[in-house]
Amino acid sequence: MACYFNGVSHTFNEYLLVPGYSSCECVPANVSLKTPLVKFKKGEEPAISLNIPLTSAIMQSVSGEKLAVALAREGGVSFIYGSQSVEDEAAMVARAKSFKAGFVVSDSNVMPDQTLKDVVAIKNRNGHSTFAVTEDGTADGKLLGIVTDRDYRISRMTGDEKVREFMTPLEKLITAEEGTSLKEANDIIWEHKLNSLPIVDKNGYLKYFVFRKDYDAHKDNPNELLDPNKRYVVGAGINTRDYEQRVPALIDAGADVLCIDSSEGFSEWQARTLAWIRERYGDSVKVGAGNVVDREGFLFLADAGADFIKVGIGGGSICITRETKGIGRGQATALIDVCEARDEYFKKTGVYIPVCSDGGIVYDHHMTLALAMGADFLMLGRYFARFDESPTEKISIRGTYYKEYWGEGSNRARNWQRYDLGGDKKLSFEEGVDSYVPYAGSLKDNVAVSLSKVKSTMCNCGAMTIPELQEKAKLTLVSATSIVEGGAHDVIRKDTAADVHK
């Protein structure tokens with residue numbers, strides 16, 4: 001006879017947090033959201049911790065190099081999508097890792113024989129006003145000069161002038177050698193009243209720019225997540241098919257942490273992948289696994305050597321796994337069950353394995369609920385897909401802007417490896433949809449608002465850290481009527497009153 005779980009499978013929206021005592025010190029400014037990303041032994045510090053409990057989903061429509069840098073600046077980690085060739089994913093990781101904090105790889109570059117028209121075209125495309133002039137027009141070519149908007153005036157030029165005729169040549173530039181620290185570079189900028197400082201190697205090849213405007217930006221990102229070499233921390237997705245080729249390439253490209261991208265992690269395929277990584281790299285390569293929805297799945301992956309474990313099947317906004325296969329579990333119930341197993345495992349072994357809640361986050365307050373239920377951090381897809389930094393197009397539909405968002409199990413992505421059960425190398429049927437999400441602006445602004453809500457709610461619970469929230473949180477199930485009561489009701493809202501009178 002089949003095994004039946006006692007009780008109903010619940011979602012985040014069916015729970016509320018009950019306030020607890022708050023001291024006068026428990027204010028949002030004092031709240032720390034630092035949380036472990038990878039497993040560690042009792043009494044030790046994790047090899048990698050997040051400064052905010054957010055990671056981006058391993059999806060084509062979410063996690064590209066631009067979002068990886070933007071999220072690391074805020075203190076989280078992006079897992080660059082693996083549903084592309086090994087070479088392309090490794091190159092994407094390498095480009096993201098090339099962004100040292102405050103050091104910018106030039107993406108507006110010209111050769112001396114190009115024209116002002118070329119400069120203007122690139123400026124219109126990239127929006128940048130500083131151009132590196134290199135021998136071959138690449139970001140790492142031999143530096144010959146720079147062009148800024150002070151070097152030309154479109155209204156007084158034909159557009160056919162060669163770059164060499166109006167650029168500021170190298171001999172008139174102040175540069176710094178590779179190895180110059182960010183503090184030293186900023187000192188040079190302020191001393192010489194520069195807007196930008198080219199960083200070149202000993203042979204004169206361009207490495208980076210340091211910009212005056214980024215000085216304040218750097219100070220505005222106190223949570224930025226950096227590796228020991230002051231580069232942004234970057235994650236990458238792998239699968240259970242080509243890991244023997246993909247893992248070495250991603251490690252060589254500089255990936256700090258990997259994650260097996262799979263719709264269901266309680267499988268021999270994931271155990272084989274983890275065993276191969278441990279055999280060749282020991283514990284030096286950090287790799288998460290999943291997804292699971294119960295204690296049995298958690299314990300399987302814990303014993304297999306996972307550094308963190310993802311929870312969630314079928315709860316994503318573009319996921320139709322439950323609809324097509326009838327498999328999954330309510331995200332709140334799954335998370336509570338797995339986190340209880342995580343805590344028991346820690347008491348028994350002295351090894352703490354972080355749990356990532358993946359899917360089911362619809363509103364900002366769901367983030368706090370997930371953390372209170374035991375999640376160490378969250379993985380979000382739809383949330384990040386809405387921002388400027390996601391890889392998708394911004395589209396206007398009847399005057400409203402949207403971003404494209406599609407599931408890895410959709411016909412568009414055709415990421416058969418994510419749903420691989422050892423059969424043919426193809427997607428037999430869809431487990432995701434192709435959709436739009438409302439455009440929301442920049443990642444930085446939205447993350448700041450979301451986390452301010454998380455911190456405020458934590459203070460309502462009397463908690464100043466995530467572990468303290470998990471210890472003190474009081475949760476209650478709510479009825480359908482209570483859910484209605486929790487929003488605006490029995491009034492005509494002013495922002496919709498105009499529609500009422502039409």
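Atom CZ of Arg272 is separated from atom CD1 of Ile277 by 14.5 Å, given to the nearest 0.5 angstrom. If you take OG on Ser49 and CG on Leu37, they are separated by 7.5 Å, rounding to the nearest 0.5 Å. Put simply, CG on Leu335 and CG on Leu371 are 9.0 Å apart, with the number rounded to the nearest 0.5 Å. Between the CZ atom in Arg329 and the CG atom in Asp294 there is a gap of 6.0 Å [rounded to 0.5 Å]. Here Thr368 contributes atom OG1 and Ile466 contributes atom CD1; the two are 9.5 Å apart, rounded to the nearest 0.5 Å. Here Phe266 contributes atom CZ and Ile309 contributes atom CD1; the two are 11.0 Å apart, rounded to the nearest 0.5 Å.
Within a 6.0 Å sphere centred on CD of Glu268, heavy atoms belonging to other residues, nucleotides or ligands number 12 at most. Environment of OH in Tyr363: sparse, with no more than 12 heavy atoms of neighbouring residues, nucleotides or ligands closer than 6.0 Å. Around NZ of Lys41, the count of heavy atoms belonging to other residues, nucleotides or ligands within 6.0 Å does not exceed 12.
Contact check on Arg295 versus Glu344 returns a salt bridge, with a Lys/Arg side-chain nitrogen under 4.0 Å from an Asp/Glu carboxylate oxygen. Remark: Glu393 does not engage Lys403 in a salt bridge, criterion side-chain N to carboxylate O under 4.0 Å. Look at Asp388 and Lys66 and you find no salt bridge, because none of the NZ, NE, NH1 or NH2 atoms lies under 4.0 Å from a carboxylate O. Under the 4.0 Å criterion applied to side-chain N and carboxylate O atoms, Glu224 and Arg73 are not assigned as salt-bridge partners. Salt bridge status for Lys207 with Asp201: absent, with no side-chain N to carboxylate O gap under 4.0 Å.
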Inset, instruction - Under the side chain to side chain contact (heavy atoms under 4.5 Å, CB included) rule, what do Tyr15 and Ile336 come out as? Steps first, then yes or no, please. - result: CA-CA 12 Å; Tyr15 284 91; Ile336 292 167; 3.9 Å; yes

Inset, instruction - Give the C-alpha distance, both sets of side-chain angles, the deciding distance and a yes or no for side chain to side chain contact (heavy atoms under 4.5 Å, CB included) between Ser357 and Val311. - result: CA-CA 5 Å; Ser357 181; Val311 176; 5.5 Å; no

Inset, instruction - Could you please spell out the steps behind the side chain to side chain contact (heavy atoms under 4.5 Å, CB included) verdict for Phe40 and Val351? - result: CA-CA 6 Å; Phe40 60 95; Val351 176; over 6 Å; no

Inset, instruction - Report the C-alpha separation of Phe211 and Thr130 in whole Å, then their side-chain angles, then the decisive distance to 0.1 Å, and conclude whether the side chain to side chain contact (heavy atoms under 4.5 Å, CB included) test is met. - result: CA-CA 10 Å; Phe211 292 95; Thr130 299; 3.9 Å; yes

Inset, instruction - Would you sort out whether Tyr439 and Tyr402 count as a ring pair (Phe, Tyr, Trp, His ring centres under 6.0 Å), showing the intermediate values? - result: CA-CA 4 Å; Tyr439 167 68; Tyr402 297 86; 9.8 Å; no

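A side-chain donor from one of Glu14 and Thr11 sits under 3.5 Å from a side-chain acceptor of the other. Inspection of the Ser83 and Gln60 side chains reveals an N or O donor paired with an N or O acceptor under 3.5 Å. Residues Glu404 and Ser61 bring no donor and acceptor atom of their side chains to less than 3.5 Å of each other. Using a 3.5 Å distance cut-off with no hydrogens or angles, the side chains of Lys444 and Asn221 do pair a donor with an acceptor.
The closest donor-acceptor contact from the side chain of Asn291 to the backbone of Gly312 lies under 3.5 Å. Side chain of Asp242 to main chain of Gln245: no donor-acceptor pair is present (N/O by atom type, distance under 3.5 Å, no hydrogens or angles). Of the possible donor and acceptor atoms, none in the side chain of Ser63 sits under 3.5 Å from a partner among the backbone N and O of Ile58. The closest donor-acceptor contact from the side chain of Gln270 to the backbone of Gly290 lies under 3.5 Å. In this structure a side-chain-to-backbone donor-acceptor pair under 3.5 Å is missing from Thr180 to Ala176. Between the side chain of Ser456 and the main chain of Ser452, no donor-acceptor pair closer than 3.5 Å is present. Side-chain atoms of Asn51 come within 3.5 Å of backbone N or O of Asn223 as a donor-acceptor pair. Judged purely by atom type and a 3.5 angstrom limit, Asp445 has no side-chain atom pairing as donor or acceptor with the backbone of Gly441. Judged by distance alone, with hydrogens and angles left aside, the side-chain atoms of Thr35 form a donor-acceptor pair with the main-chain N or O of Asp376 at under 3.5 Å. A donor-acceptor pair under 3.5 Å links the side-chain atoms of Thr457 to the main chain of Lys453, judged by distance alone.
Using a 30° and 60° split on the angle between ring planes, Phe346 and Tyr352 fall in the perpendicular class, above 60°.
For the pair Phe384/Ser390, no side-chain contact is recorded, criterion being any heavy-atom separation below 4.5 Å from C-beta on. Inter-residue side-chain proximity for Ser56 and Leu380 is flagged as unmet; no heavy-atom pair is nearer than 4.5 Å. The shortest distance between side-chain heavy atoms of Asp364 and Val454 does not fall below 4.5 Å. Between Met379 and Lys310 there is a side-chain heavy-atom pair separated by less than 4.5 Å. Between Glu74 and Leu443 there is a side-chain heavy-atom pair separated by less than 4.5 Å. Inter-residue side-chain proximity for Tyr232 and Lys97 is flagged as unmet; no heavy-atom pair is nearer than 4.5 Å. Side chains of Pro354 and Lys39 form a contact here, defined as non-hydrogen atoms less than 4.5 Å apart. Val437 places a side-chain heavy atom less than 4.5 Å from the side chain of Tyr405.
Under a cutoff of 6.0 Å and an axis angle of 45°, Arg386 and Tyr383 form a cation-pi pair.
Just one residue in the list Val293, Asp337, Val338 forms a side chain to side chain contact (heavy atoms under 4.5 Å, CB included) with Phe298, and that residue is Val338. When each of Leu54, Leu67, Val62 is checked for a side chain to side chain contact (heavy atoms under 4.5 Å, CB included) with Ser78, only Leu67 meets the rule.
Nearest heavy-atom pair across Val93 and Gly254 is CG1-C, 4.2 Å. The shortest heavy-atom contact between Ile146 and Thr148 is CD1-CG2, 4.1 Å. A pairwise comparison of heavy atoms in Ala463 and Val31 identifies O-CG2, 4.1 Å as the closest pair. Nearest approach of Val234 to Ala96, heavy atoms of both residues: CG2-CB, 3.8 Å. Leu274 and Ala289 get closest at one heavy-atom pair: CD1-CB, 4.2 Å. Here the closest non-hydrogen pair linking Leu17 and Ala473 is CD2-CB, 3.9 Å.
Within the structure, the salt bridge (charged side-chain N to carboxylate O under 4.0 Å, His left out) test picks out the following pairs touching residues 277-291 (sequence neighbours left out): Arg278-Asp283, Arg278-Asp307.
Proximity of the aromatic rings of Phe308 and Phe377 is defined here by a centroid distance below 6.0 angstrom, and this criterion is met.
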